[in-house]
Amino acid sequence: MGHIVVIGAGQAGASLVARLRKDGYEGKITLIGAEPVPPYQRPPLSKAYLLGDMALERLYLRPESFYAEQDISLRLGQEVTAIDPAAQTVTVGGETLAYDDLALTTGSDPRRLPAAIGGDLEGVFTVRTLADVDAMAPAVVEGARALIVGGGYIGLEAAAVCAKRGVQVTLVEMADRILQRVAAPETSDYFRALHKGHGVDIREGVGLERLTGTDGKVTGAVLADGSELAVEFVVVGVGIAPATKLAEAAGLEIDNGIKTDAQGRTSAPHIWAAGDCASFPYRGGRIRLESVPNAIDQAECVAGNMLGAGEDYVPKPWFWSDQYDVKLQIAGLNAGYDRIVTRQGEGQSASFWYFKGDQLLAVDAMNDPRAYMVGKRLIDNGKTADPDLVGDPEFDLKALMRA
């Protein structure tokens with residue numbers, strides 16, 4: 001009947017094994033996760049869960065009983081130490097498991113501050129796993145002073161939650177502006193104003209020189225401009241890196257993640273990859289997408305291909321971020337844009353439309369689900385929009401769908 005082993009029990013791994021059963025695979029399935037809990041949602045960790053608005057059980061993608069009901073062997077709290085592509089085996093918990101096909105859904109790891117500048121002091125946190133957030137939660141109390149390192153979405157979401165809890169927040173971003181790597185200046189301006197309105201001290205173009213501590217616990221920070229801060233805790237949000245260590249050790253080809261073909265195959269026979277850890281062909285190049293929708297869609301596509309579907313994965317990228325009472329929804333990929341069209345709505349509602357020449361590439365929509373929906377539909381269908389119409393607040397965007 002065969003045996004499919006999946007390494008990595010996050011969103012991609014959970015989606016892949018569920019799709020295998022849904023598509024009729026009757027062989028043995030083993031899902032291996034390094035964390036001691038069933039697969040869970042990561043986005044609410046730094047928001048609803050940290051705020052105490054979501055119970056642990058609600059984080060789980062499926063009840064633990066689902067895996068038993070589907071005859072999926074769930075091995076939690078166990079790390080795979082080796083993959084042998086030639087023998088088609090993996091080593092986990094001192095045991096060797098044989099596989100017919102192997103899927104790597106190992107996700108990504110947060111980048112950490114070097115120990116040389118205080119990165120290993122107590123009170124320095126990353127926001128990636130349930131354990132990370134559980135460790136940080138006791139520090140997030142009213143009146144505490146926090147430093148957020150990094151002005152990307154991870155750092156900004158952490159800043160929002162801390163500010164809502166009454167923490168005094170300073171956020172430092174080494175680049176000239178927050179969100180510089182991922183968004184237009186207009187989106188940066190929007191979120192800078194939002195955070196400053198909630199009392200967050202945002203310092204752009206300023207790096208962290210070092211953290212200071214007493215008795216092994218962080219107590220302060222020295223910034224690159226010479227200023228010093230007293231802090232009770234630090235949140236590091238300086239990005240993530242694909243988790244490729246196992247794949248590299250097994251000799252798989254790496255190219256900004258585990259390199260796959262359009263259907264999810266790696267450079268080794270019978271080994272596949274999906275989710276944050278995988279890079280794949282896209283529009284003549286190669287990309288890696290860090291998002292929940294990609295983890296689900298790519299994993300489900302790979303599951304089908306493991307069973308012989310033979311379908312190329314064609315992403316329809318979308319992302320979201322929740323900060324205070326603002327929901328940001330992003331459709332498309334903005335790489336290569338040369339023009340931004342602003343559509344102002346009521347109150348905090350606004351959207352920024354990215355064009356390259358006459359072609360619509362992406363939309364950032366803040367509290368504007370209609371702009372997001374219309375933009376996503378156009379982008380997914382390879383269509384564009386008249387920039388002058390988009391920028392006219394009196395124009396009904398839905399008319400673009402009928403064009």
Side-chain angles (χ1 to χ4, degrees), residues 11-12 43 152-154 156-157 177-191 239-240 256-257 262 274-276 278-301 312-323 326-345 349-392 395-403:
Q11 183 76 68
Y153 289 120
I154 294 172
L156 291 173
E157 289 175 358
R177 59 181 174 87
I178 58 172
L179 301 175
Q180 181 165 303
R181 186 179 67 87
V182 294
E186 289 83 351
T187 300
S188 299
D189 293 345
Y190 179 99
F191 283 99
I240 56 179
N256 181 30
D276 282 8
S279 73
F280 57 92
Y282 183 72
R283 295 183 178 176
R286 178 167 289 276
I287 62 169
R288 186 175 58 81
L289 293 177
E290 300 168 357
S291 75
V292 169
N294 175 71
I296 296 170
D297 294 347
Q298 190 178 23
E300 291 185 345
C301 181
D312 289 355
Y313 175 57
V314 181
K316 295 182 176 179
W318 62 278
F319 314 84
W320 81 89
S321 176
D322 294 307
Q323 298 172 43
V326 172
K327 175 174 280 293
L328 165 66
Q329 294 171 290
I330 303 169
L333 298 173
N334 64 29
Y337 76 92
D338 54 25
R339 180 182 181 186
I340 296 291
V341 174
T342 298
R343 183 179 176 89
Q344 191 62 52
S349 171
S351 58
F352 304 118
W353 299 62
Y354 297 76
F355 288 85
K356 181 177 183 179
D358 295 328
Q359 184 60 47
L360 177 64
L361 299 180
V363 178
D364 294 346
M366 283 70 67
N367 284 356
D368 195 339
R370 175 173 293 188
Y372 165 75
M373 178 199 70
V374 171
K376 186 176 191 308
R377 191 80 59 83
L378 292 170
I379 293 164
D380 287 351
N381 293 331
K383 297 182 178 180
T384 191
D386 183 330
D388 292 334
L389 294 177
V390 167
D392 179 0
F395 175 73
D396 182 2
L397 284 177
K398 283 192 173 181
L400 295 172
M401 305 300 299
R402 299 189 289 270

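Atom set for the values below is all heavy atoms of this structure, side chains included, hydrogens, waters and symmetry mates excluded.
With hydrogens and angles ignored, the 3.5 Å screen pairs no side-chain donor or acceptor of Arg181 with any backbone N or O of Gly152. In this structure, the side chain of Tyr354 engages the main chain of Ala184 through a donor-acceptor pair within 3.5 Å. Side-chain atoms of Asp396 come within 3.5 Å of backbone atoms of Lys398 as a donor-acceptor pair (strictly under, hydrogens ignored). Of the possible polar contacts, none joining the Ser279 side chain to the Arg286 backbone as a donor-acceptor pair under 3.5 Å is found. When atom types are taken as modelled, the side chain of Asn367 and the backbone of Ala350 share no donor-acceptor pair closer than 3.5 angstrom. Of the possible polar contacts, one joining the Gln298 side chain to the Gly275 backbone as a donor-acceptor pair under 3.5 Å is found. Judged purely by atom type and a 3.5 angstrom limit, Ser351 has no side-chain atom pairing as donor or acceptor with the backbone of Ala371. Side chain of Asn334 to main chain of Val363: no donor-acceptor pair is present (N/O by atom type, distance under 3.5 Å, no hydrogens or angles).
Between Phe280 and Tyr313, the ring centre distance stays below 6.0 Å.
Defined by atom type and a distance below 3.5 Å, a donor-acceptor pair is missing between the side-chain atoms of Thr342 and Gln344. Donor-acceptor pairing under 3.5 Å is lacking for the side chains of Gln180 and Ser188. Residues Asp364 and Tyr190 bring no donor and acceptor atom of their side chains to less than 3.5 Å of each other.
Leu179 places a side-chain heavy atom less than 4.5 Å from the side chain of Leu156. Residues Leu328 and Tyr153 meet the side-chain proximity criterion, which asks for heavy atoms closer than 4.5 Å. At least one side-chain heavy atom of Leu400 sits less than 4.5 Å from a side-chain heavy atom of Val390.
With salt bridges taken as basic N to acidic carboxylate O contacts below 4.0 Å, one links Lys327 and Asp322.
Shown here is Asn381, whose CG atom has more than 12 heavy atoms of other residues, nucleotides or ligands within 6.0 Å.
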